[in-house]
Amino acid sequence: MNWSWLGTVPFFLFACAFLVLPSASLVIGSFQDNAGNFTLQNITDLGQPSIVNAYLLSVQVSGVTALLGTLVGGLLAWAMVLGRLPRFVRAFLIPFSGVASNFAGVPLAFAFIATLGRVGFVTVLLKNLGFDLYDKGFNLYSFWGLSATYLYFQIPLVVLILTPAFEALRPQWREAAESLGASGGYYWRSVALPILTPALLSTVVLLFGNAFGAYATAYALTGGSLNIVPIMIGAQIQGDILHNPNLGYALAFGMMVIMTLVLALYSWLQRRSARWLQ
Amino acid sequence: MKKRSSLVAWLFIIVGTSYFLLPLIATFLFSLRAKKDTLGFTAYQRVFADSSFYETFLFSALMALLTIIASLLLLVPTVYWAYLRHPRLHRLIELVSLMPFVIPPIVLVFGLIKSYSRPPVILVQSRGLLIAGYMVLTLPYMYRAIDAGLRATNVKTLTEAAQSLGAGWPRIIWQVIVPNVRGALVNGAFLTFATVLGELTLAQYLAWPAFGPYLARISQNKAYEPAALTIISFALTWVIFGIVLLVNSKDQQQTQFGGTH
């Protein structure tokens with residue numbers, strides 16, 4: 001009899017107590033009414049306009065910053081790897097991306113208030129040049145303001161993830177395409193992009209999840225006025241804003257469902273791209 | 001042809017860099033204006049004169065250290081054991097270590113409060129629960145670091161060699177395995193440190209006087225101090241990642257990044 005699996009017991013006990021139990025209790029709670037009886041009412045109540053809007057806003061912010069982040073971060077990674085730039089660009093950009101992708105929460109929110117807030121540096125600068133951002137409809141404490149702030153940690157993450165993908169493009173492929181008469185554009189459309197596609201897709205998915213779960217930055221930036229799902233859950237923890245704690249659990253359950261889908265999609269794309277690159 | 005592509009690349013890099021540097025420059029300039037009509041470091045002096053700054057910082061630094069120690073004690077033997085004896089369990093451990101991705105901090109803290117604020121087990125006022133929460137938040141990075149380290153080491157051969165020389169299990173793990181994966185452990189430890197230091201969500205809802213909630217409170221009540229604190233936080237992040245990059249360039253390890261936003 002082999003008893004050596006006992007060595008892994010502490011880990012699984014820990015995971016059960018602080019990972020499985022808390023999330024399972026939220027899942028169970030979302031299928032219970034206040035008296036503890038089984039109900040589907042909380043799940044159908046997620047269809048309330050205010051909750052649907054919160055999910056929509058969360059999905060939109062995550063989607064926009066995932067797509068824009070991948071586009072901009074991809075262009076930066078491309079410029080860095082294939083742009084024939086001097087070495088110091090890379091020596092600076094990679095560590096900076098590491099720092100910036102971890103620079104979030106309250107300090108990040110404040111940096112954007114100091115830059116694009118009503119009396120922020122750029123806002124005032126543009127105003128002195130005759131362009132009033134806020135008159136033109138921009139507001140830092142709104143959808144686009146939050147997205148611009150999220151991009152600060154999204155773009156560097158893309159640079160870190162996609163740099164190896166661009167490095168894996170062999171110059172011989174381009175030479176082969178060119179010697180067969182392909183133009184630069186044709187090479188990118190028909191050779192490079194198809195090879196990069198799995199990596200690009202999984203980057204988008206990862207960024208979506210990254211933004212969807214974000215709480216601290218949004219809280220510090222908008223003080224809770226912009227109703228994305230994490231902010232709504234935070235308000236629910238502080239006081240029963242939904243007038244039904246079980247509806248709060250259902251709100252959290254919905255987040256877990258979406259994050260599970262995101263992770264499943266990500267790992268599927270990862271497996272596919274691993275197969276591609278072999 | 002060659003020239004043009006380099007020019008476009010420069011354009012992207014310059015536009016991108018200005019997007020990243022402008023907020024830092026703006027915040028820095030703002031932080032210098034605490035005294036009317038002069039530029040100076042008054043805001044920084046006020047931050048460093050504030051005893052809550054040190055208290056909350058030390059609290060978070062201590063929590064980060066305890067999280068790192070507890071994580072290493074829990075994970076190193078587990079992952080090692082799985083490598084050595086139970087490749088099947090290894091899959092399951094990997095799956096569990098991915099779970100925190102599915103549970104954002106705000107959901108995690110909600111679940112912890114729901115599970116541990118009433119009998120039979122009341123833990124919400126215990127530091128242990130905060131540390132356990134931080135261990136969950138940083139589990140994916142810590143696990144990946146340890147896993148990568150062990151993958152690059154010949155666990156079986158080292159263990160057999162140590163056993164044949166008469167070493168017991170604790171000795172094998174701490175004197176043979178750990179020194180071999182030190183670079184990876186340092187990597188995971190610093191990432192954990194950076195994540196826990198400024199963490200807001202768990203500390204705020206479990207009501208601890210940590211650095212994250214302190215930053216949030218100051219940024220709501222003060223004008224110039226938050227700017228100074230932002231610059232200080234950014235500098236701290238650089239220091240932490242500077243150490244990671246230094247360790248990694250010595251160990252030829254791949255750096256990984258992550259954190260909570």
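Order of the sequence lines fixes the chain letters, A, B, ..., with proteins taken first and strands second; residue numbering starts at 1 for each chain. Atoms considered below: every heavy atom in the structure, side chains included; atoms not considered: hydrogens, waters and symmetry mates. The structure displayed is predicted, hence computed values, not measured ones.
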Please find the pair of heavy atoms, one from A:G213 and one from B:P105, that lie closest to each other, and give the distance. O-CD, 4.1 Å

Could you check whether any side-chain heavy atom of B:L92 comes within less than 4.5 Å of a side-chain heavy atom of A:T8, counting everything from C-beta outward? no

For side-chain contact (heavy atoms from CB on, under 4.5 Å), just list the numbers for A:F96 and B:L21, CA-CA rounded to whole Å, side-chain angles, deciding distance to a tenth of an Å, and then say yes or no. CA-CA 10 Å; A:F96 186 89; B:L21 291 185; 4.3 Å; yes

Go through the atoms of B:L29 and report whether side chain, backbone, both or neither lie under 4.5 Å from a heavy atom of chain A. side chain

Step by step, would you call A:I237 with B:I106 a side-chain contact (heavy atoms from CB on, under 4.5 Å)? CA-CA 9 Å; A:I237 298 175; B:I106 191 74; 4.2 Å; yes

So for A:A17, is it side chain, backbone, both, or neither that comes closer than 4.5 Å to the heavy atoms of chain B? both

With a 4.5 angstrom heavy-atom cut-off, which part of A:Y152 approaches chain B: side chain, backbone, both or neither? both

On a heavy-atom basis, the closest approach of B:G16 and A:L76 is CA-CD2, 4.2 Å

Kindly indicate, with the supporting measurements, whether the criterion side-chain contact (heavy atoms from CB on, under 4.5 Å) is fulfilled by A:L85 and B:F12. CA-CA 11 Å; A:L85 299 177; B:F12 286 149; over 6 Å; no

Interchain contact, B:I232 with chain A, by part (heavy-atom threshold 4.5 Å): neither

Please tell me if the side chains of B:F110 and A:M255 come closer than 4.5 Å, counting only heavy atoms from C-beta onward. no

Could you walk me through whether A:F12 and B:L89 satisfy the side-chain contact (heavy atoms from CB on, under 4.5 Å) test, starting with their C-alpha distance in whole Å, then the side-chain angles of each, then the deciding distance to 0.1 Å, before giving a yes or no? CA-CA 10 Å; A:F12 287 109; B:L89 272 182; 4.0 Å; yes

Which atoms of B:F20 approach chain A - backbone, side chain, both or neither, heavy atom under 4.5 Å: both

Rounded to the nearest 0.5 Å, how far does OH of A:Y249 lie from NZ of B:K114? 4.5 Å

Do A:V262 and B:F101 have side chains that get closer than 4.5 Å, going by heavy atoms? no

Okay, B:A223 and chain A: the region with an atom under 4.5 Å from a heavy atom over there is backbone

With a 4.5 angstrom heavy-atom cut-off, could you sort out which part of B:L229 is near chain A: side chain, backbone, both or neither? neither

Checking A:Y219 against chain B: side chain, backbone, both or neither under 4.5 Å from a heavy atom? side chain

Considering only heavy atoms, which portion of B:Y19 lies under 4.5 Å from any heavy atom of chain A: side chain, backbone, both, or neither? both

With only heavy atoms counted, which part of A:L19 is less than 4.5 Å from chain B, the side chain, the backbone, both or neither? both

Looking at chain A, which one of B:V102, B:T78, B:L123, B:L108 has the largest number of heavy-atom pairs inside 4.5 Å, strictly under? B:V102

Contacting moiety of B:I93, where chain A heavy atoms sit under 4.5 Å: both

Ring center gap for B:F28 and A:F121 short of 6.0 angstrom: no

Which answer fits B:P77, side chain, backbone, both or neither, if we ask what part of it has an atom under 4.5 Å from a heavy atom of chain A? neither

Portion of B:A132 that has a non-hydrogen atom of chain A nearer than 4.5 angstrom: both

So, A:F103 versus B:F234, ring centres under 6.0 angstrom or not? yes

Per-residue contact mode, A:V122 against chain B (heavy atom under 4.5 angstrom): side chain

Is A:L261 in contact with chain B via its backbone, its side chain, both, or neither, using a 4.5 Å heavy-atom distance? neither

